[in-house]
Amino acid sequence: MHPSEHMEQLIIDRLYPILQKHGIRDGVRKYRAQKNFGDVTIDLQKVNEDVPAQEIEALSDDILTFKKTNKFINVTYGNNYYCTLILDSIDEGSLFTFERKEKRILVEHTSANPTGPLHIGRARNSIIGDTIARILRKYGFEVTTEYYMDDIGTQVEALLLGTEKFKDDNYTEAYRKYFAEIDSHREEVENAMKMAESGNEKFIAESKKRLEVFLYDLLKDLEDLNIFFDGFTWESRFILDGSVKVVLDNLKEHLKDDEGAKYIQRGEDKIYLMRSNGTSLYFTRDIAYHILKSRNYDLSIDVLGEDHKDHFKNLTYILGILGIHSTEAVFYSFVVTKKGKMSTRRGNVVTLRDLISESIELAEDEIRKRRTDLDEKTVGEIARKIGTAAVRYNMIKFAPEKPITFDWDEALNFEGEAAPFIMYSYARASSILKKASGSGTLNKQFLDREAELLKEISRFPEVVKDAAERRRPDRIAKYSYELSSTFNQFYRDCPVIGDIENYQKRVNITKAFKLTMDQIFDLLGIIPSDKI
RNA sequence: GGGCCCGUGGCCUAGUCUGGAUAAGGCACUGGCCUUCUAAGCCAGUGAGCCCGGGUUCAAAUCCCGGCGGGCCCGCCA
């Protein structure tokens with residue numbers, strides 16, 4: 001049981017018998033208290049009965065203080081009791097561990113066609129997906145991440161043919177050129193697609209080999225952001241293993257015919273599964289993919305742009321017909337620039353690669369401004385950590401459904417709610433611990449400022465739970481800011497080195513903060529630095 | 001035209017699921033804090049009643065209905 005749960009149980013044990021004595025059973029609500037109202041609020045506004053204030057307040061002791069105003073009962077935890085509990089839970093490691101869920105989850109994200117470096121809109125997918133995977137893993141699920149690689153569609157055939165035709169250009173440029181004149185290449189693209197669609201193993205193997213080169217280039221940027229995949233699924237496998245046919249067979253009784261093409265009627269909509277020329281659609285292969293997922297995992301989470309909402313709705317509809325209900329999606333809104341939607345034509349595409357290097361460069365400048373004592377190599381290492389962390393943090397701090405208008409100034413603002421802020425407070429803690437030497441006697445009297453920090457630390461389990469269950473990675477970023485901010489206040493008011501009376505206690509608190517931040521950095525995919 | 005999402009101080013965001021006590025932060029702005037552990041920090045201040053209009057409720061940023069503004073989708077594309 002985490003410390004906060006323990007305290008809540010104490011409240012229930014002590015308070016609820018009294019409430020029941022007064023006929024109160026339903027309508028009692030309990031939530032985290034607002035600022036200046038203690039730690040937990042028991043709200044009786046929904047119940048008709050009331051309890052005399054004296055009777056409630058008489059329950060108070062050193063562990064719990066009850067105060068009743070109107071129909072609110074505000075409970076404040078005793079600093080010494082609760083703080084000791086929190087520090088103990090960190091010693092045991094129990095604050096950071098969750099019950100194992102015995103449930104396998106597949107998080108599929110990114111899955112972009114590797115026609116060029118990722119732009120920041122696509123990167124939002126990767127960062128959300130990777131962070132959600134990290135959170136769910138921490139929360140106790142068995143999590144696997146996967147990239148779904150298209151190797152048989154129009155785009156990739158154009159990429160393969162284009163890079164052949166314009167050998168001298170870089171591959172993105174070759175693809176662009178080729179796509180610009182796509183009309184004159186209709187036939188060869190269609191031929192290529194037919195080769196793939198017919199299950200020509202040699203052709204597919206060859207495509208795969210060439211696509212891998214482009215894929216690795218794309219993955220390099222993600223590696224910089226500490227994003228790696230557990231596996232890759234190539235779309236062609238659903239042609240090769242015949243599962244597309246199986247899908248159509250299993251849905252046979254629901255299929256309708258449109259001049260040879262097959263579709264399923266869903267309300268007003270027709271969901272096509274086979275073209276009249278007998279070839280399958282991306283959608284059909286996606287069904288096959290999700291059937292495969294449902295066999296190997298208890299839950300599949302797809303990270304998708306909001307443009308895929310209808311596609312996904314149709315997908316779950318058909319999976320439902322097949323009795324599969326273990327598929328859900330996390331949708332995110334697009335990243336646009338001030339000039340509007342990113343498009344190559346308008347020349348306003350911001351690549352992840354550029355953003356990362358700008359961010360690292362700025363971090364380097366900032367470090368040089370403050371630290372003249374560090375050697376080149378160290379400056380570079382720290383700049384790398386800060387720069388990449390800033391990119392991740394700025395993308396993840398917004399709720400996924402929130403549209404983002406990208407702005408260089410904002411993306412490269414290293415003050416306030418940003419990665420350097422949380423990394424800075426961490427470096428401060430590290431610096432204290434580095435200077436702290438020897439141990440002293442532990443003073444178990446906790447001051448409010450110390451307790452505030454520990455209480456913030458003790459929120460870790462419930463924040464992770466909330467972020468995991470609601471698929472809201474931004475909650476972790478928010479929490480990391482609040483926790484760091486609380487530490488900065490502690491840092492101001494509570495000297496560690498030199499205060500003999502409080503030394504050991506504050507060393508322990510500082511360690512606790514640092515350990516909690518280690519957990520958070522891991523969840524956010526940020527690599528911390530002891531000095532910045 | 002239909003469907004989905006977003007709309008909170010000058011700008012950006014949390015709170016909306018689970019309705020309740022003075023709407024919480026960041027940026028920007030104003031003033032203050034570096035002879036003690038890193039000032040990418042801290043403290044104080046100015047600034048919104050939550051897009052608009054109805055409704056439900058003792059109580060609405062939060063729930064319901066209708067608008068408005070912005071985004072996305074509405075292929076035998078992926």
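When reading the values below, keep in mind they use all heavy atoms of this one structure, side chains included, and skip hydrogens, waters and symmetry mates. The structure presented is a predicted model; accordingly, all values stated were derived computationally and were not measured.
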Taking the ring of Tyr148(A) and the ring of Tyr289(A), is the distance between their centroids below 6.0 Å?
yes

Mind checking Asn413(A) for me? I need base, sugar-phosphate or nothing, with any heavy atom below 4.0 Å counting as a touch.
sugar-phosphate

So, Tyr282(A) and Asp150(A): side-chain donor and acceptor under 3.5 Å apart, yes or no?
no

Pairwise salt bridge (charged side-chain N to carboxylate O under 4.0 Å, His left out) hits with a residue in residues 386-397 of chain A, at least two apart:
Asp130(A)-Arg392(A)

Go ahead and name the base partner of G31(B); Watson-Crick or wobble counts if both distances stay under 3.5 Å, otherwise write none.
C43(B)

Are the aromatic ring centres of His308(A) and Phe331(A) under 6.0 angstrom apart?
no

Pairing partner (Watson-Crick or G-U wobble, both distances under 3.5 angstrom) of G69(B):
C6(B)

Just label C6(B) as syn or anti from its O4'-C1'-N9-C4 or O4'-C1'-N1-C2 angle, using within 90° of 0 for syn.
anti

Closest to the side chain of Arg370(A), out of A78(B), A40(B), A14(B), is A40(B)

By nearest atom, which of the nucleotides A40(B), C42(B), C5(B) is closest to the Ile532(A) side chain?
A40(B)

Can we say Lys369(A) and Glu366(A) salt-bridge, meaning some charged N sits less than 4.0 Å from an Asp/Glu carboxylate O?
yes

Could you write nucleotides 67-76 of chain B as a row of B, S and -, 5' to 3', where a protein heavy atom under 4.0 Å of any base atom gives B, of only sugar-phosphate atoms gives S, and otherwise -?
----BSB--B

Tell me, which pairs form a salt bridge (charged side-chain N to carboxylate O under 4.0 Å, His left out) where one or both residues lie in residues 187-199 of chain A, sequence neighbours left out?
Glu197(A)-Arg285(A)

Of all the choices, C42(B), U36(B), C12(B), which nucleotide is nearest to the side chain of Phe421(A) once you look at every atom?
C42(B)

Can you figure out which of A14(B), A40(B), A78(B) approaches the side chain of Arg475(A) most closely?
A14(B)

Lys505(A) to Phe446(A) six-membered ring, cation-pi geometry met (6.0 Å, 45°):
yes

Would you please name every residue forming a side chain to side chain contact (heavy atoms under 4.5 Å, CB included) with Asp375(A), sequence neighbours left out?
Lys377(A), Thr378(A)

Which residues in residues 146-162 of chain A have at least one heavy atom lying under 4.0 Å from any atom of RNA chain B?
Asp150(A), Thr154(A)

Taking the six-membered ring for Trp, is the centroid-to-centroid distance between Tyr393(A) and Phe421(A) below 6.0 Å?
no

Searching all strands shown, indicate the nucleotide that pairs with U16(B) (Watson-Crick or G-U wobble; both distances under 3.5 Å).
none

Distance, P atom - from G15(B) to G20(B), rounded to whole angstrom
13 Å

If the sugar-phosphate is the primed atoms plus P, OP1 and OP2 and the base is the rest, what is the B/S/- string for nucleotides 43-49 of chain B, using protein heavy atoms under 4.0 Å?
S------

Determine the Euclidean distance between corresponding C1' atoms of G49(B) and U8(B); express it in Å to zero decimal places.
9 Å

Is the Lys NZ or Arg CZ of Arg124(A) less than 6.0 Å from the centre of Tyr332(A)'s six-membered ring, within 45° of the axis?
no

Could I get the full list of ring-ring contact (aromatic ring centres under 6.0 Å, His included) partners for Tyr147(A), not counting sequence neighbours?
Phe229(A), Phe232(A)

Side chain to side chain contact (heavy atoms under 4.5 Å, CB included) partners for Ala288(A), two or more places apart:
Phe238(A), Ser243(A), Val247(A)

Please determine, for the side chain of Lys313(A), which listed nucleotide (G15(B), G41(B), G3(B)) has the closest atom?
G3(B)

Donor on one side chain, acceptor on other, Thr316(A) and Thr327(A), under 3.5 Å:
no

Ignoring the backbone of Glu410(A), work out which of C11(B), C42(B), A78(B) is nearest its side chain.
C11(B)

Contact residues, residues 358-368 of chain A to RNA chain B [heavy atom, < 4.0 Å]:
Glu366(A), Ile367(A)

May I have all residue pairs that pass salt bridge (charged side-chain N to carboxylate O under 4.0 Å, His left out) and include part of residues 478-499 of chain A, sequence neighbours excluded?
Glu417(A)-Lys478(A), Arg449(A)-Asp493(A), Arg459(A)-Glu482(A), Asp499(A)-Arg506(A)

Could you check whether Arg472(A) gets within reach of a base, just the sugar-phosphate, or nothing at all, counting any heavy atom under 4.0 Å?
sugar-phosphate

When rounded to the nearest Å, what value does the distance between C1' atoms of G41(B) and U36(B) take?
15 Å

Scan nucleotides 21-25 of chain B against the protein and return all N/O pairs shorter than 3.5 Å with their distances rounded to 0.1 Å.
{"residue": "A21(B)", "atom": "OP2", "partner": "Gln34(A)", "partner atom": "NE2", "Å": "2.8"}
{"residue": "A21(B)", "atom": "N6", "partner": "Thr41(A)", "partner atom": "OG1", "Å": "3.0"}
{"residue": "A21(B)", "atom": "N6", "partner": "Asn74(A)", "partner atom": "OD1", "Å": "2.7"}
{"residue": "A21(B)", "atom": "N1", "partner": "Asn74(A)", "partner atom": "OD1", "Å": "3.4"}
{"residue": "A21(B)", "atom": "N1", "partner": "Asn74(A)", "partner atom": "ND2", "Å": "3.1"}

Contact check, residues 378-385 of chain A vs RNA chain B, heavy-atom distance under 4.0 Å, returns none

